[in-house]
Each structure stands twice: as structure tokens, then as C-alpha cells.
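Each remark here refers to the structure printed beneath this line.
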Protein chains: 2
Amino acid sequence: MERKITRERFIETALELFHNKGFKATTMRDIAKALQVEAATLYNYIRSKQQLLDDLVFEIADQFHDGLSNIYNSSYSPSEKLKAIVDLNVRLTTAYPYQVALLVGEWKHLEEVRQQAFLDNRGSYEQMVRDIIGQGMEVQELRTMDLEVATYSFLSSIRWLFSWYIEQGSAVNPVELEKQMSDFILKGMQNND
Amino acid sequence: MERKITRERFIETALELFHNKGFKATTMRDIAKALQVEAATLYNYIRSKQQLLDDLVFEIADQFHDGLSNIYNSSYSPSEKLKAIVDLNVRLTTAYPYQVALLVGEWKHLEEVRQQAFLDNRGSYEQMVRDIIGQGMEVQELRTMDLEVATYSFLSSIRWLFSWYIEQGSAVNPVELEKQMSDFILKGMQNND
DNA sequence: GTCTATAATTCGATAGAC
DNA sequence: GTCTATCGAATTATAGAC
């Protein structure tokens, strides 16, 4: 009958509410009510609601960025790298679906300076993907296509994984999911001459 | 030196702010300031902020739904229908990018009953797409793949078009865009035996 | 570590003059 | 149709008792 709050339970509850109602529409009282405590209690765990968002967004954003850097700086071929990127996304998304949801949908509510830092991070991520796809076309591993459309479509098709995963009640085999997604996305990009 | 507000200018300004800051974070005073009037003035144009969101979301949602219904009930083949869906999305998104942004990102802030109506509408849209892809596999126009992953990836890859279009400053030829996107997305789905 | 109480601010919306 | 003035509710966060 433990009623005590752990930081972990607090974060979990907050993330779920942020996903369901949005960060701005979720009040400290909402989170407190879900944990059956008073709102003031929550301030033993965080400095502010704003700081909580910042911590959660950048924690997961850094994981994506670091993961992609390792892929980018590897000796894999371009199309092998793209498969590794799909794999990275599936692994992070199935491990931290609600944090990815926050990353995709609530970064606008970071304070201004931090929002710019976020956009720099995201821009760097997108540029690495663009480079890899461009290299794939150069060595003719990938079909020749409009680079911007290809980059955008690739990123777009994996970005919404979190919402599907959450809706499915997480009843998905991550390994099979990665196979299916790589298959679908990369088949359209590969050069078959 | 016309300072008068038209309903059109009001909607345009509100949509842009909703996209930049999010619906919840945009105050009536924000919109008023951008139009260089007082907040009270805005209530000559709308009944409430909530009603404004509702009107704008369902106006564009209905256009997507009706457009897809027409495609669904046509005599085109499944893969021709998919191409028509991409075309529908490109046309609506390039014509009403900020309204599409609202549709994708802010539906959570509809009031509860209307939110359910929205989800019913979206579910119906997704089911039609799922049907078309399933039929494409049956008649072997499309490769055999996991139906859920294919449907999700297809929808996902066109959903973020609005953000790209807005970022590009709308400097895109819609016809060429439709061609590039159809090409990218459908190449990976077609059966080549 | 959790509570009660409340300060300080902000927001949506209305009343009523012009 | 736009303004000034303001109400009432809601929100983040803090102070201080236990």
C-alpha cells in the first residue's frame, strides 16, 4: 500500500499526461491528482514545470543525436547506414515512447533560447541524414531522386512511430517492426539497375 | 492606410500564431497585438477561442475526408488511388498549410465531445487508406507487406508535408512536388515480379 | 516529504461608452 | 466596430507548519 511518490513514478505520470493533453494543457494539479497528492508536493522533485520539459526533451534528443553521430561516422555503406537509422529510431521509440512523443510535439514550449538549441540539434540530425542519402545516390546505391523530398519523406515516415506504438498498447515486437519498416522505406530508395 | 480588420486577416493571423506557438500558448491578446487592436475587438469575429479552433479544424478535416471518399469510391485501380491520395494531400496542404498544421498538431485541444468526433473522422480516413492498400496487395499491384506498417508508413510520410512546406517559405511547385512524392512513396510499394 | 494557504500573474470573456 | 475597464477563474510557484 505504498502511497509514496518516487521520482520515476512522477516522471512516468507526467509524460503520459503530456501526451494525452499536451504540455501546456496539463497542469501541475493534473499531475498531482493522478498521483493522489497535492500540487505543492511535486516541487520536491522538480524546480519548475518548464525545467521538467527541458530535461525530458533534451535527454531524448541527445540520445537520437549521439546515436546518429555514431552511425554517420561508421564505415557502413550509405544504405546500411539508413537501415541502422531506422533501427535506432525503433529502439529508442519502443524504449521511451512517451518521451519521443514529447520530443516530436512539445518542443515549441521550450523557452526561447533553449528552443533555438533544440532546433540546432535537430538541424544537425537532419543534415547528417541528408548527407547519407546524398552519398547513397553518388555511389549509385540509391536511385537518383530529389534530395530534399527523399530526406523529408524518410524522416517523416519514421517520425510518427511513437503514436502508432502507443496506440497499439505497445504490443509490438521491436525486431519485427524494424525489419518491416526498413523493408518498406528502403525498398523505394534502392537502385535496381 | 486601412487599419480595419477583416475576418480573413484575423483568421490568417491566428493560424500563423497557432502554428508558431501552439493553440494553448497563443492568447487572444497575442492575436490582438499582431493585428494592432485590443483583445475585446476580436470577439466581434468569433464567439470563443474554443469555437475558432473547432471551426478551423473541422473545415479542413472535412475536405480531406470528402476528397478521400471520392477517390475511394472511384473506379481507379488501387495504386492509382494511392497516387490520387498523395495528390489530394499535396493540393490541400499547399493551399492551406497553416490549417493543415492545426489539424495535425492541435486537435487534442478540441473539447471532449468534438475530439471524439474528430477521431472518428480520422479513423474513417485511415480505414479507407488501409482498404485501398489491402486491395492493392490482393490484386498483386502492390508487394505483400505487413498491412499495418504499410498503412502507417504511407500516412506518416505525407503527414509532415505542411511543416516542410511552411519552412520552405512556400517556394515549391506543387505539381513537381506531387510527382516527386508519389514517386518516392509508391516505388517502395509496387510489385515488380 | 507532504500538507494548507496564498501570493502573483495571466487568461478568456463581458459590459457599456463612443 | 473598437475601445476602456474589469470580472472571475485558473495557473505556477512559494512560505511555513507538521
Side-chain angles (χ1 to χ4, degrees), chain A residues 1-58 102 105-115, chain B residues 1-58 102 105-115:
Chain A
M1 302 307 124
E2 198 59 43
R3 181 63 47 87
K4 202 176 157 197
I5 306 174
T6 59
R7 180 174 166 83
E8 197 171 337
R9 204 159 79 84
F10 165 60
I11 298 289
E12 193 179 334
T13 305
L15 279 172
E16 203 162 330
L17 282 167
F18 289 159
H19 171 65
N20 291 332
K21 306 183 57 172
F23 173 76
K24 270 281 177 185
T26 302
T27 68
M28 296 302 284
R29 285 171 177 80
D30 288 334
I31 304 173
K33 192 174 181 183
L35 291 165
Q36 290 179 295
V37 294
E38 293 302 314
T41 305
L42 302 179
Y43 288 89
N44 282 317
Y45 298 92
I46 52 166
R47 199 150 57 81
S48 69
K49 191 190 173 193
Q50 193 63 226
Q51 186 62 47
L52 174 61
L53 175 68
D54 197 282
D55 288 345
L56 291 171
V57 166
F58 279 94
L102 204 63
E106 310 293 347
W107 61 269
K108 279 176 190 171
H109 302 115
L110 294 169
E111 47 181 350
E112 202 178 330
V113 179
R114 299 294 286 163
Q115 190 175 139
Chain B
M1 302 305 125
E2 198 59 45
R3 182 63 47 90
K4 201 177 156 197
I5 306 174
T6 59
R7 181 177 166 81
E8 198 172 336
R9 205 159 77 85
F10 165 61
I11 298 289
E12 194 180 333
T13 304
L15 279 172
E16 204 162 329
L17 283 167
F18 289 160
H19 171 64
N20 291 332
K21 306 184 56 171
F23 174 74
K24 270 280 178 183
T26 302
T27 68
M28 296 302 286
R29 286 169 176 82
D30 287 335
I31 304 173
K33 192 174 182 184
L35 291 165
Q36 290 179 294
V37 294
E38 293 303 313
T41 305
L42 303 179
Y43 287 89
N44 283 317
Y45 299 92
I46 52 165
R47 198 149 57 78
S48 70
K49 192 190 173 194
Q50 193 63 226
Q51 186 62 45
L52 174 62
L53 176 68
D54 197 281
D55 289 345
L56 291 171
V57 166
F58 279 93
L102 204 63
E106 309 292 347
W107 60 270
K108 279 177 189 170
H109 302 116
L110 294 169
E111 48 182 349
E112 202 178 329
V113 179
R114 299 293 285 162
Q115 189 175 140

Not counting sequence neighbours, which residues clear side chain to side chain contact (heavy atoms under 4.5 Å, CB included) with E111(B)? List them please. Q50(B), R114(B)
Can you check the [X] [atom1] to [N] [atom2] distance for me, whole Å?
X	N	atom1	atom2	value
R7(B)	dT2(D)	CZ	P	14 Å
F10(A)	dG1(C)	CZ	C1'	14 Å
L42(B)	dT2(D)	CG	P	9 Å
I31(A)	dT11(D)	CD1	P	12 Å
L35(A)	dG1(C)	CG	P	15 Å

Measuring to OP1 and OP2 of dC3(D), would you say a side-chain N or O of T41(B) lies under 4.0 angstrom away? yes
Taking 4.0 Å as the cut-off, does a side-chain nitrogen or oxygen of Y45(A) come that near to OP1 or OP2 on dT2(C)? yes
Scan residues 32-53 of chain A for pairs that pass salt bridge (Lys or Arg N to Asp or Glu O under 4.0 Å), counting only residues two or more places apart or in two chains. none
Side chains of V57(A) and E106(A): closer than 4.5 Å at any heavy-atom pair? no
Check whether any side-chain heavy atom of V37(A) sits under 4.5 Å from a side-chain heavy atom of F10(A), and report yes or no. no
Of the nucleotides dG1(C), dT2(D), dC3(C), which one has an atom closest to the side chain of N44(A)? dG1(C)
What side chain to side chain donor-acceptor pair (under 3.5 Å) pairs are there with at least one residue in residues 10-26 of chain A, not counting sequence neighbours? K21(A)-D30(A)
Polar-atom pairs under 3.5 Å, protein N or O versus N or O of nucleotides 6-13 of chain C: list them with distances, or write none.
{"unit_1": "dG12(C)", "atom_1": "OP1", "unit_2": "K49(B)", "atom_2": "NZ", "d": "2.8"}
{"unit_1": "dG12(C)", "atom_1": "OP2", "unit_2": "M28(B)", "atom_2": "N", "d": "2.9"}
{"unit_1": "dG12(C)", "atom_1": "N7", "unit_2": "R29(B)", "atom_2": "NH1", "d": "3.0"}
{"unit_1": "dG12(C)", "atom_1": "O6", "unit_2": "R29(B)", "atom_2": "NH2", "d": "3.2"}
{"unit_1": "dA13(C)", "atom_1": "OP2", "unit_2": "Y43(B)", "atom_2": "OH", "d": "2.9"}
{"unit_1": "dA13(C)", "atom_1": "OP2", "unit_2": "K49(B)", "atom_2": "N", "d": "2.9"}

Please identify each residue that fulfils side chain to side chain donor-acceptor pair (under 3.5 Å) with D55(B), with sequence neighbours left out. Q51(B)
